[in-house]
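Each remark here refers to the structure printed beneath this line.
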Amino acid sequence: MIDLRSDTVTKPTPQMRRAMAEAEVGDEVYREDPTVRRLEEQAAALLGREAALYCPTGVMCNQIWLRLLARPGTEVVVEGDSHLVNYEAGAGAILAGVQFRTLSAADPQRRGILAADQVQAALKPDVFPLTPTTLVWVEQTHNRGGGTCYTLDELRGLRKLTAEAGVALYMDGARVFNAAAATATPAAEFAAEVDGLMFCLSKGLGAPVGSLMVGDAAHIEQARLWRQRYGGGMRQAGVIAAAGLVALRDVDRLHEDHENAQVLARAAADVHPDGIDPARVQTNIVSIEGVDAPAVIAALAERGVLAGPMDPRTVRLVTHRDVSRSDCERAADALRATLPGPGLG
């Protein structure tokens, strides 16, 4: 089966498995794991920030940052289709005590990407009885937007706005290296514009587990305490961190996934042009709209291709290091034979 459900399904490479088997380890809660320390140091250096903290998951990173940057009882401005709103099980309300001011960025040209004027209109001052804004949250790339990217200029515009308003700016950078590859912008330039960010090792970078919080040293020191409170303190974590070190050496290959995504997007557009515009596929996520998603997914599976639903009318395919160009060409043939789907042709 060609598994295009997500870039989280990748398996560790032989190089990762060797590094994991040979990893030098120690007790990470005591800060004695040298492999974890190397991973954190390299992540911070790669993104041009002072420090980093290794966590088991991206959700944990997001929730710790939410606790650090947004004061309880305040409001977070966030795009309504973001990961924070849709896929984190209400943790922001429970753990950080905040509410979300959700904005819609559904324009097909910039799906999921907030404009500065939208954000400015949503900011609330700390004036009774309003709920003041303490944080603006962006997602890079935007998953449900179809892998769309903030440009550096757009992010700088938000940084200027939030700085003038005295509001923090955070980036859920789960796929920030995909954005860097797509926009020819060093990831460190994105990182320089925000108060904090995280990125996942276990998506496009292909490591089996883990994400990193990256930011100023003072924030990361606070984050270590909150990671312990949230149950994320690990012991001999160098065994998994070693795979992350290998992954960080391979970020330059992500353009291959983007090129493979275009193979799928063009095939889908050949037979269902109303459902996708390849020019709008910026990274490794291909969203095909206006179909009977369960029926299309079942038909693709019969042809050896696994895809996932974003909603009942949208199918998502995600390219990654475990699917080759020839795999994507086979998947493209399956798309041409399947789309637009039963009753929609």
Side-chain angles (χ1 to χ4, degrees), residues 5-10 28-29 36 39-40 43 47 51-70 72 75-102 112 134-145 147 168-179 190-191 194-215 219-220 222-234 237 240-241 243-244 247 284-285 308 310 316 318 320:
R5 290 172 298 168
S6 177
D7 47 8
T8 63
V9 302
T10 56
E28 202 279 319
V29 171
V36 171
L39 176 62
E40 291 172 342
L47 289 169
L53 182 68
Y54 187 42
C55 293
T57 69
V59 170
M60 180 175 284
C61 291
N62 278 344
Q63 291 302 318
I64 295 173
W65 273 121
L66 195 60
R67 188 62 182 80
L68 294 180
L69 297 177
E75 199 161 79
V76 177
V77 172
V78 59
E79 202 281 322
D81 237 3
S82 68
H83 192 281
L84 178 69
V85 176
N86 286 276
Y87 300 125
E88 301 195 10
I94 297 168
L95 301 178
V98 297
Q99 68 184 32
F100 299 146
R101 172 66 56 178
T102 57
T134 53
L135 177 63
V136 173
W137 186 286
V138 298
E139 186 174 323
Q140 179 81 310
T141 67
H142 196 289
N143 176 20
R144 289 185 61 85
L169 179 62
Y170 173 74
M171 177 188 291
D172 173 353
R175 296 182 175 91
V176 67
F177 292 105
N178 289 94
F190 291 131
V194 295
D195 293 285
L197 73 153
M198 77 85 175
F199 71 88
C200 286
L201 294 166
S202 56
K203 291 188 170 70
L205 300 187
V209 63
S211 295
L212 284 132
M213 303 177 64
V214 185
H219 276 138
I220 296 302
Q222 288 180 290
R224 188 175 294 277
L225 173 62
W226 282 100
R227 187 187 67 174
Q228 186 70 10
R229 286 171 172 161
Y230 288 174
M234 298 176 283
I240 50 175
N284 66 324
I285 298 175
M310 290 303 281
R316 187 185 78 155
V318 186
H320 50 80

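All values below come from the heavy atoms of this structure, side chains included, with hydrogens, waters and symmetry mates left out.
- Residues Met198 and Ile64 fail the side-chain proximity criterion, which asks for heavy atoms closer than 4.5 Å.
- Residues Leu84 and Glu79 are not in side-chain contact: their nearest non-hydrogen atoms beyond the backbone lie 4.5 Å or more apart.
- Between the side chain of Glu139 and the backbone N or O of His83, at least one donor-acceptor pair lies under 3.5 Å.
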Would Trp65 and His219 count as a side chain to side chain contact (heavy atoms under 4.5 Å, CB included) if you check the C-alpha gap in whole Å, the side-chain angles of each, and the deciding distance to 0.1 Å?
CA-CA 9 Å; Trp65 273 121; His219 276 138; 3.8 Å; yes
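- Of all non-hydrogen atoms in Phe100 and Gly92, the two that sit nearest each other are CZ-CA, 4.3 Å.
- Counting heavy atoms from C-beta on, the side chains of Leu39 and Leu201 come closer than 4.5 Å.
- The shortest non-hydrogen separation linking Thr10 to Lys203 is OG1-O, 4.2 Å.
- The main-chain N or O of Met310 is found under 3.5 Å from a side-chain atom of Arg144 such that the two form a donor-acceptor pair.
- The backbone N or O of Gly80 sits nowhere less than 3.5 Å from a side-chain atom of Thr102 that would complete a donor-acceptor pair.
- Counting all heavy atoms, side chain and backbone alike, Leu205 lies closest to Ala247 at O-CB, 3.4 Å.
- Looking only at side-chain heavy atoms (C-beta outward), Tyr54 and Glu28 stay at 4.5 Å or farther from each other.
- The side chain to side chain donor-acceptor pair (under 3.5 Å) with Asn62 is formed by just one residue from the set Tyr87, Tyr170, Trp137; it is Tyr170.
- Taking CG from Asp7 and CG from Asn178, the interatomic distance works out to 7.0 Å, rounded to the nearest 0.5 Å.
- Under the 4.5 Å side-chain criterion, counting only non-hydrogen atoms from C-beta, Leu47 is in contact with Phe177.
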Run the side chain to side chain contact (heavy atoms under 4.5 Å, CB included) test on Asn284 and Arg175 for me, step by step, so that the C-alpha distance in whole Å, both residues' side-chain angles and the decisive distance to 0.1 Å come before the verdict.
CA-CA 10 Å; Asn284 66 324; Arg175 296 182 175 91; 4.2 Å; yes
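- Atom OH in Tyr230 sits 10.0 Å away from atom CG in Leu225 (nearest 0.5 Å).
- Annotation: side chain of Leu95 is not in contact with side chain of Leu66 (no heavy-atom distance under 4.5 Å).
- Nearest approach of Ser6 to Arg316, heavy atoms of both residues: CB-NH2, 3.6 Å.
- Atom CG of Leu53 sits about 7.5 Å away from atom CG of Leu212, to the nearest 0.5 Å.
- For the residue pair Ala179 and Gln140, the shortest heavy atom distance occurs at CB-CD, 3.5 Å.
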Decide yes or no on side chain to side chain contact (heavy atoms under 4.5 Å, CB included) for Val98 and Thr134, but give the supporting numbers first.
CA-CA 10 Å; Val98 297; Thr134 53; 5.6 Å; no
Output, in order, the C-alpha distance, side-chain angles, deciding distance and verdict of side chain to side chain contact (heavy atoms under 4.5 Å, CB included) for Cys55 and Met213.
CA-CA 7 Å; Cys55 293; Met213 303 177 64; 4.0 Å; yes
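- The minimum heavy-atom distance between Gly58 and Cys200, with the atom names listed, is CA-SG, 4.2 Å.
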